[in-house]
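Below is one structure, written out as structure tokens; comments come after it.
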Amino acid sequence: MIRAVNIKKSFGGTEVLKGLTTTFEKGKTNLIIGRSGAGKTVLLKLCVGLLAPTSGEIMYGDTNFSQLSKRDMRAIRMEIGMLFQGSALFDSMTVEENIRFPLDMFTNKTKKEKLDRVNYCLERVQLEGNNSKFPGEVSGGMQKRVGIARSIVLEPKYLFCDEPNSGLDPKTSLLIDELIHDITIEQNITTVINTHDMNSVMEIGDNIALLHQGRLAWQGNKDMVMDSDNELLEEFIFASPFLQRLRKAAVGK
Amino acid sequence: MNLNFLYHFGRYLILLRSALTRPEKFSMYWKETMRQMNDIGIGSLVIVGLIAVFIGAVTATQFAYQLQDSFVPAYYIGYIVRDSTIIELAPTITCLVLAGKVGSNIAAEIGGMRQKEHIDAMEIMGVNTASYLILPKVIAAMVVIPMLVCLAAAISIWGGYTASVATGLITDVEYIQGVRSFFEPYYVFMMFVKALVFAYILTSVSAYQGYHVKGGSIELGQASTQAVVYSDILILLSDYVIAIILTM
Ligand SMILES: Nc1ncnc2c1ncn2[C@@H]1O[C@H](COP(=O)(O)OP(=O)(O)OP(=O)(O)O)[C@@H](O)[C@H]1O
Ligand SMILES: [Mg+2]
């Protein structure tokens with residue numbers, strides 16, 4: 001379980017997060033939603049220590065992550081997998097080398113064991129056979145999936161995904177959502193996902209946090225979305241007239 | 001200006017402090033060090049050789065001109081070419097050039113990784129990036145650059161031979177007699193000290209410039225330029241300091 005307690009974060013003079021408290025639960029896919037620029041990526045980076053909060057705490061269980069020394073932080077990070085919004089694949093390495101990198105760095109597995117693990121991860125993101133391509137040679141959506149494969153290769157306890165399905169078609173998008181959801185439940189890990197995607201919200205939203213203007217505007221699960229009265233949530237989820245009509249038909253309001 | 005200098009110096013020390021830790025995985029560091037040795041060493045052979053030939057040739061030709069009509073024996077040309085290249089020209093000029101070639105490359109490589117979030121991605125995996133990205137480069141350079149400098153000195157002396165003997169300034173017997181006169185092994189020691197220090201400076205300063213890059217391609221270009229400029233300044237400064245210390 002990860003808790004963000006009264007997190008504030010400013011860049012220069014602008015305060016992006018203004019005292020945010022929320023909990024990401026274990027064994028669940030925790031979603032962070034919010035408009036573009038709401039601070040989702042910033043929150044995710046605070047959680048993994050790539051940014052330091054101006055004030056407030058990030059707690060991993062009972063450990064105050066924000067106050068750890070670099071070395072202790074690294075120990076926790078070995079249990080973290082993260083997918084970056086821009087994938088952040090190492091572009092002078094092949095797909096296989098990218099996914100193998102954490103294995104090379106942190107395990108003593110044999111060549112064969114590593115290759116098996118890499119191929120297993122590639123299979124899970126439906127990219128089998130793309131081992132020797134370079135990131136520049138595959139599509140944006142495929143890069144995302146390679147990024148996911150790399151983030152799960154070490155069987156992390158905490159998985160962070162920054163918009164795992166932006167740039168994917170609806171079908172692949174769904175597959176990726178299901179994959180992340182399955183892994184979360186199989187391994188009983190804490191997963192945090194930033195997303196804009198309404199399908200994801202309705203499919204895998206075990207615990208949803210809506211960010212608005214630096215604060216937590218709403219928290220709940222996918223079953224609570226439909227009959228929530230929260231205006232911000234409504235505005236965000238049922239953004240198009242089409243969806244508003246659908247909702248009217250379904251719930252009657 | 002002074003505060004700015006202190007800020008960078010402090011941050012540089014902090015970066016080096018975190019670079020000096022036990023590797024996560026020795027074999028990965030070893031592999032990276034080997035790759036860097038190849039890049040820096042083999043990759044710089046041609047340019048270093050080319051420069052060295054001309055250093056020797058120019059030194060020989062100019063001293064021959066200065067010694068004309070003097071009472072200094074002609075074989076002194078060989079002696080002067082040997083000592084000036086070993087003590088000063090081979091280590092300094094080679095490393096100034098390598099700061100341009102290797103230093104800018106290091107700054108651009110690390111800076112690019114910073115901008116494309118590769119460094120962040122590695123950090124999240126638990127890799128000590130300060131160490132993994134910098135240590136192998138510094139070590140590789142400190143092994144390979146002294147070799148290059150040594151080679152440069154040898155080639156320079158040969159360049160001096162070609163320029164002075166082939167053009168008939170002196171005979172080959174005289175040149176070789178000069179090269180073999182008054183030899184001080186201590187000068188070779190000085191050459192290696194300089195090469196080691198310069199190698200360290202040009203890699204660590206360039207890595208520092210790249211590691212803290214922000215912004216976009218303009219800043220990356222600036223970092224790469226600054227890597228060369230600061231390395232060059234520091235190399236010349238330390239050249240002077242080493243000269244003072246080692247001749248005391
Ligand atoms: N390093 C930074 N320096 C200054 N401002 C920043 C920095 N990173 C983010 N911001 C600001 O913080 C705000 C939130 O950015 P963030 O990237 O978290 O948005 P987001 O919710 O992830 O948006 P999107 O859905 O478009 O990815 C933005 O206004 C952005 O300008
Ligand atoms: Mg974002």
Side-chain angles (χ1 to χ4, degrees), chain A residues 11 41 44-45 47-51 68-93 97-111 114 135-136 143 146-148 150-162, chain B residues 11 13-36 38-39 43 105-137 210-217 220:
Chain A
F11 293 102
T41 301
L44 218 59
K45 286 188 175 172
C47 284
V48 296
L50 286 177
L51 292 172
L68 292 180
S69 70
K70 269 209 157 162
R71 182 176 319 156
D72 294 335
M73 205 178 254
R74 240 172 250 136
I76 290 191
R77 279 181 176 168
M78 285 186 201
E79 304 181 328
I80 293 181
M82 178 158 176
L83 169 72
F84 284 76
Q85 189 159 3
S87 299
L89 299 178
F90 309 138
D91 39 22
S92 38
M93 297 184 194
E97 285 164 344
N98 261 284
I99 303 175
R100 208 181 55 208
F101 184 84
L103 294 172
D104 285 338
M105 201 59 150
F106 296 111
T107 68
N108 290 315
K109 288 184 160 71
T110 64
K111 259 197 174 131
K114 285 185 209 163
Q143 288 178 9
V146 175
I148 292 173
R150 187 176 70 182
S151 61
I152 59 173
V153 73
L154 280 182
E155 307 194 340
K157 274 193 194 161
Y158 310 96
L159 181 61
F160 295 87
C161 300
D162 201 346
Chain B
R11 219 166 46 146
L13 289 185
I14 291 172
L15 181 65
L16 286 181
R17 172 70 198 78
S18 35
L20 284 176
T21 44
R22 216 166 64 89
E24 291 90 354
K25 188 88 177 293
F26 188 75
S27 61
M28 287 294 275
Y29 278 66
W30 176 253
K31 215 172 88 185
E32 182 63 13
T33 309
M34 287 297 143
R35 189 176 76 84
Q36 293 294 338
N38 190 45
D39 280 5
N105 188 314
I106 288 177
E109 181 185 323
I110 297 182
M113 292 184 74
R114 164 67 72 200
Q115 291 182 336
K116 288 183 275 184
E117 292 189 313
H118 295 179
I119 294 186
D120 287 344
M122 282 192 187
E123 281 285 334
I124 293 304
M125 293 171 191
V127 178
N128 179 351
T129 52
S131 185
Y132 180 66
L133 296 177
I134 297 177
L135 207 55
K137 294 184 175 66
Y211 197 80
H212 288 295
V213 158
K214 290 210 172 67
S217 42
L220 188 61

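As a basis for the values below, the full set of heavy atoms in this structure was taken, side chains included, without hydrogen atoms, waters or symmetry mates. All values derive from a computational prediction rather than experimental measurement. Throughout, protein chains are lettered first and strands after them, A, B, ... in sequence-line order, and every chain is numbered starting at 1.
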Value for CE (B:Met28) from CZ (A:Phe106), rounded to nearest 0.5 Å, stands at 9.0 Å
Heavy-atom nearest pair, A:Phe84 first then B:Ile124, reads CZ-CG1, 4.0 Å
Rounded to the nearest 0.5 Å, the NE2 atom of B:His118 sits from the OG atom of A:Ser87 at a distance of 9.5 Å
Taking every heavy atom of B:Lys25 against every heavy atom of A:Asp104, the minimum-distance pair comes out as NZ-O, 2.8 Å
Self-check item: A:Lys114 atom NZ, over 12 foreign heavy atoms within 6.0 Å
Solution: yes
Turns out that what part of A:Leu89 lies under 4.5 Å from chain B's heavy atoms comes down to backbone
| query | Any Lys/Arg nitrogen of B:Glu123 or A:Lys70 sitting under 4.0 Å from an Asp/Glu carboxylate oxygen of the other? | reply | no
If one checks every heavy atom of A:Leu50 against chain B at 4.5 Å, the contacting part turns out to be side chain
Test side chain to side chain contact (heavy atoms under 4.5 Å, CB included), reference B:Met125, set A:Met105, A:Arg150, A:Arg77, output is A:Arg150
- Query: So does A:Phe11 have more than 12 non-hydrogen atoms from other groups sitting under 6.0 Å from CZ?
  - Reply: yes
CZ (A:Arg71) and OG1 (B:Thr21) are apart, to the nearest 0.5 Å, by 8.0 Å
Note to self: One pair to check against side-chain contact (heavy atoms from CB on, under 4.5 Å): B:Met122 and A:Phe90. What are the steps and the verdict?
What the structure shows: CA-CA 10 Å; B:Met122 282 192 187; A:Phe90 309 138; 3.6 Å; yes
